[in-house]
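Chain A is the first sequence line, chain B the second, and so forth, proteins listed ahead of strands; every chain is numbered from 1.
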Amino acid sequence: METKTSIDWKRVDSIIEKYNRDKESLLMILQDISDMYNYVPPEVIPVLVKKLGVRESLIYSVATFYKTISLKPRGKYILSVCTGTACHVRGAEKIMDALHSELNIAEGETSEDRLFTLLGVRCIGCCASGPVMNVNHDTHGGLDRSSALKLIEEYRQQAS
Amino acid sequence: MENILFTINSQKISCPSGTTILDAAVKNGIDIPTLCHHPQLKPHGACRICLVEDEKTKRLMASCVTPVMPDMAILTETPRVLNHRRNIVRLMMAEHPESCIVCGKGNRCDLRKIAARLGIGESNLYPMPNFKPYEHLNPFIIRDLSKCILCGKCIRADHELVVAGSIDYNNRGFKSRPATLHEMALEDSNCTFCGTCVSLCPTGALSARNTRYVGTPEKESDSICAFCGVGCTLTLGVSGNQVIEVNPSKYQGTVNGATLCVRGHFAGDFINSPDRLTQPMIRTKKEDGSFAHVPASWDAALDSIVEKLSEIKRQHGPGSLAFIGSSKCSNEENYLFQKIARVIFGTGNLVNGGYALGQQLIYFMEHKAYGTCRQSSLQDLENAQAILVVRADTDHEAPVVGYHIKRAAKKGVPVIVLDSRKTDVVPLSSVWLRPRISSKLGIVKSGVINSILKMILESGAQDSDFINRYTEGIEKLIQSMNTVDPEKIALESGIKPSLIEKAFKILKGKKIAIVIGTDILHYPEGPSMMDAVFNLALLTGSIGAKGSGFFFPLVKNNLMGAMDMGTVPDLLPGRRPLASSFHRETVEKMWQVKLSAEPGLDMVGFIEAAESGKVKAAYIMGENIVRSLPQSKRVESALKKLDLLIVQDIFYDRTAKLADVILPGATVAEKSGSFTNMEGRFQTFFPVVNPPGNAHADWEILSQLSKKMGYPEQYISVEKIRQEIRRVIPMYERIGNHRQDWIKNNDLESPFSDPKKKFVFTPVTFAPEMPADSAHPLMAVIGSSRYHLGSGSRTSRSERIRAFAQNGAIEISPSDCVSLGLGDCGKIRVTSSCGMIERQFKVNPDLPSGQVFIPSAVNGNDAMNLVDLIPPGLSGVYGWTVCKVSIDKI
């Protein structure tokens with residue numbers, strides 16, 4: 001089902017220029033590109049090599065070190081389920097289970113409709129409202145099995 | 001710098017501030033175990049095995065990254081330190097597969113050594129081996145990353161020493177490993193298989209793939225690499241009578257440090273080739289009338305040589321004999337060889353295989369620079385003020401030179417590249433001056449340098465002090481600048497004026513190190529280019545200062561030495577011009593013979609004389625000229641015309657197959673001797689294994705021959721020959737029997753010591769525009785790839801290189817592929833005015849349109865059939881590495 005992402009090279013270029021082609025800003029550049037597609041398309045690596053003057057192995061190293069960056073296509077919505085201590089105690093596992101069976105994907109995978117990518121993350125810093133899940137940049141707290149599934153349904157409708 | 005006083009294990013130590021505890025300990029003979037530390041890599045502090053304790057503060061610190069402080073009281077072996085070290089090793093062992101019994105690293109594994117030293121048998125931890133796929137698809141390196149301990153030596157060597165950047169850490173924590181982009185196999189990355197990582201790896205994670213012989217070396221001996229002119233110092237691992245492993249030596253101050261290239265590291269297995277000659281042979285007529293090589297005793301072979309050579313000399317005179325020495329054989333062998341030719345047989349027909357591979361260039365510069373460009377340490381490149389690389393593909397021709405340039409560039413030394421090809425140095429360069437391919441190439445290339453000269457003169461940035469003291473002819477240069485039109489040159493070369501201006505701004509006021517590809521004289525623009533570059537060196541005062549001057553990445557190990565020893569037609573030993581009666585008389589006095597002032601035949605002259613019957617007999621030592629010269633068929637038939645052909649070599653090769661007498665010689669690992677590398681570094685080597693069968697060291701064969709010719713007992717050892725070299729050649733008078741020495745420049749004859757002598761500015765006379773050849777519209781460059789050397793006689797006999805299946809695909813630019821309608825791949829026919837070859841091709845997006853690249857040394861070095869057998873280095877003719885071609889798809 002892998003479809004090739006058509007890349008907006010103009011925007012990629014403007015991101016690189018925004019950071020003055022500075023190789024020290026590699027991580028920020030990767031993050032900005034990731035914001036465009038929810039992942040970093042490997043096709044941009046040779047361009048970064050050329051424009052930033054870094055070796056491709058360094059880009060791979062940085063891209064695989066940080067969890068926020070993926071070189072594989074991810075869904076439109078990235079579900080980051082907190083599995084930190086507080087959320088774990090409050091039942092993060094149940095949320096995870098519900099999402100597994102609803103979306104039919106394991107942790108780290110992307111749903112077939114390319115809408116959702118399921119990630120388990122460590123503490124995201126709002127333990128008081130746990131169990132917590134981030135959907136892209138939005139945080140949803142106080143979840144249980146049914147409210148998590150309801151949330152998924154809402155995002156599905158938003159997308160269609 | 002202030003000195004710091006402190007103690008290690010109660011021993012009082014003083015060392016400069018900034019020294020690490022580990023370095024101070026090593027200097028004072030105190031041993032601290034390490035895994036991730038290497039003296040040539042930046043301290044990393046990854047493994048923590050080198051932990052030590054400060055008695056005063058009770059702090060534990062990694063000694064490799066902690067600088068010494070006043071009044072520290074370091075203890076290296078306290079129970080606390082040992083306990084920590086043990087725990088670190090136990091954790092590593094818990095992650096390590098239990099495969100020591102089959103691991104090729106065996107007892108040389110650093111992890112195993114340290115575990116044994118700390119008395120650890122079992123880790124007593126829950127084993128958590130981190131299984132990774134075992135990679136062994138390429139014939140050079142096996143990667144078993146389950147055994148990786150993340151010391152980072154391979155990654156740091158890749159970044160700091162070789163500056164390739166093929167690998168880096170991926171992921172993090174437990175999952176992290178050294179990885180290429182997308183964790184591709186090494187052969188799909190830009191890895192050059194230099195093997196530096198393999199030599200540095202402390203465990204069995206990286207190991208060299210063996211071919212015929214496997215196992216752990218029983219002993220290790222030092223040697224010198226006999227491929228290119230860099231002359232890397234090696235440690236050969238020997239098992240039985242076989243060299244099974246090659247690593248860079250651990251000495252400090254060697255030319256290569258901890259690095260090597262794919263040839264030096266992995267192609268040395270050619271010495272175990274089944275094609276090796278193992279006994280003398282004489283061509284004998286069989287009963288059915290055909291001829292065959294029949295094994296003979298050494299006595300019989302040498303007696304027949306003595307008899308036949310003397311007979312031919314008596315009948316036809318000494319001019320009918322030719323001696324072809326070797327740029328691969330040692331100094332001692334070349335000295336003895338030329339002496340046998342000149343003194344015993346009285347002929348000046350002497351030449352060696354380096355003739356076309358840079359010797360002419362050195363000779364050219366020798367005249368201009370009074371030999372002052374002879375000794376330039378590659379190490380100095382890293383401290384140069386600026387580097388100009390002129391048409392040198394160092395990463396393929398002499399990779400270690402490339403590492404030095406790239407390290408300098410990484411340190412911030414500005415590098416300017418003048419080349420139409422995109423070499424590996426280009427991405428790290430400050431300015432890339434890339435002339436477009438045209439028939440005016442000769443004019444534009446030296447024109448670009450001329451533009452820079454003009455800018456320097458106009459801005460008054462020349463080194464006037466140097467010019468006044470040591471040079472003459474500056475007026476002529478200034479005058480010639482009137483005709484230099486930078487705008488026109490920029491237009492014709494296709495290089496933006498702003499780029500030339502940028503190059504000028506970088507170069508002005510700096511002493512420049514100039515790296516020149518050795519085949520530049522093969523280009524139509526060669527001689528004018530050399531003049532232009534030499535003017536640049538004089539104008540900026542870049543001769544004689546450290547980190548400046550000329551560097552020639554020579555492609556043969558002893559090209560310099562063969563020339564110094566006098567295995568050339570017009571130079572006596574010590575590069576004394578034969579034409580000078582003073583020098584001739586000096587040598588005559590020492591040898592007590594009369595020498596003819598007439599220069600002997602060069603390589604092309606020899607072939608022509610063999611064809612015409614003027615030369616009747618030839619003695620070829622260590623050169624496979626049928627393979628290495630252009631037009632192999634012509635060379636073959638010329639050699640067949642000889643009454644007597646003697647070939648002393650290591651392989652039963654195309655040249656040897658034509659011989660009347662074959663003498664089996666030895667490789668560098670099997671004999672004693674010395675080489676002089678491209679820097680002027682004299683390096684000795686000793687036998688590590690025995691020659692195969694009944695083969696002998698080449699100097700022994702020559703010594704036997706001279707004995708049979710009536711010079712008994714004179715050259716019974718390498719040392720005896722070396723003694724005479726010291727006496728006869730002033731440049732070598734100081735050489736000892738040490739591992740390495742520097743040859744001495746004859747300073748008395750240079751402008752630096754003799755005010756009467758001057759370096760001369762030579763206004764550039766432009767190479768004529770090459771005639772348009774509409775039948776052959778493309779410009780082909782014939783060059784070496786890093787997997788082969790020279791004509792490939794040796795490298796193509798390396799099982800590893802052969803297994804890598806380099807088919808020598810011809811590289812074509814994308815636009816030419818489209819205009820010729822070739823598609824993406826397939827077979828093509830390349831035709832020049834002299835010949836035709838057929839090969840696969842591939843698209844190389846980095847090539848400029850109009851240029852094709854043909855790798856040499858593959859398919860029996862067939863590429864040489866595209867060029868003509870004419871003396872290279874003449875103005876206005878293509879030499880042996882460029883020609884005009886046309887391409888058809890087949």
Side-chain angles (χ1 to χ4, degrees), chain A residues 2 4-5 7 9 12 16 20-27 29-31 33-34 37 39-74 80 83-84 106-109 117 119-123, chain B residues 46 132 143 145 148 150 152 154-192 197 395 403 406-407 409-412 414-415 417 422 424-432 845-846:
Chain A
E2 224 163 83
K4 220 171 173 182
T5 314
I7 295 166
W9 289 110
V12 171
I16 297 171
N20 295 323
R21 299 180 171 223
D22 178 12
K23 54 182 156 199
E24 301 294 324
S25 309
L26 175 62
L27 178 58
I29 294 171
L30 289 175
Q31 267 176 328
I33 295 173
S34 186
Y37 306 104
Y39 82 110
V40 175
E43 295 93 314
V44 306
I45 293 180
V47 177
L48 293 175
V49 165
K50 211 169 156 191
K51 297 211 164 169
L52 302 180
V54 292
R55 296 289 180 164
E56 52 191 25
S57 59
L58 175 77
I59 298 174
Y60 187 69
S61 173
V62 172
T64 54
F65 184 89
Y66 293 102
K67 270 228 152 160
T68 57
I69 293 167
S70 166
L71 292 169
K72 288 202 189 97
R74 293 195 289 192
S80 310
T83 57
E107 213 186 304
E109 288 181 354
T117 296
L119 297 178
V121 297
R122 304 304 155 242
C123 184
Chain B
K132 296 278 173 191
R143 294 208 301 171
L145 295 182
C148 175
L150 288 177
C154 54
I155 294 173
R156 287 180 291 149
D158 176 58
H159 295 185
E160 294 171 26
L161 300 178
V162 185
V163 201
S166 321
I167 48 170
D168 210 327
Y169 296 106
N170 70 351
N171 298 319
R172 56 179 150 160
F174 187 66
K175 280 164 77 186
S176 184
R177 282 295 177 271
T180 58
L181 173 69
H182 303 309
E183 281 150 73
M184 291 181 301
L186 285 176
E187 51 271 34
D188 296 326
S189 74
N190 67 341
C191 173
T192 62
C197 55
D395 270 59
Y403 305 158
K406 290 195 282 182
R407 288 207 283 262
K410 221 181 157 203
K411 264 188 175 176
V415 176
V417 178
K422 187 179 179 187
D424 283 11
V425 181
V426 166
L428 291 160
S429 65
S430 312
V431 182
W432 179 21
D846 290 332

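With a 4.5 Å cut-off on non-hydrogen atoms, A/Ile59 does not touch chain B at all. Using a 4.5 Å cut-off between heavy atoms, A/Leu58 touches chain B through backbone and side chain atoms alike.
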Cross-chain donor-acceptor list, chain A x chain B, under 3.5 angstrom:
| unit_1 | atom_1 | unit_2 | atom_2 | d |
| --- | --- | --- | --- | --- |
| A/Arg55 | NE | B/Ala164 | O | 3.3 |
| A/Arg55 | NH1 | B/Ala164 | O | 3.3 |
| A/Ser57 | OG | B/Gly165 | O | 2.7 |
| A/Tyr60 | OH | B/Glu183 | OE2 | 2.3 |
| A/Ser61 | OG | B/Tyr169 | O | 2.6 |
| A/Thr64 | OG1 | B/Asn171 | N | 2.9 |
| A/Phe65 | O | B/Arg172 | NE | 2.9 |

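For chain A, the option among B/Ala164, B/Gly173, B/Ala179 with the highest count of heavy-atom pairs below 4.5 Å is B/Ala164.
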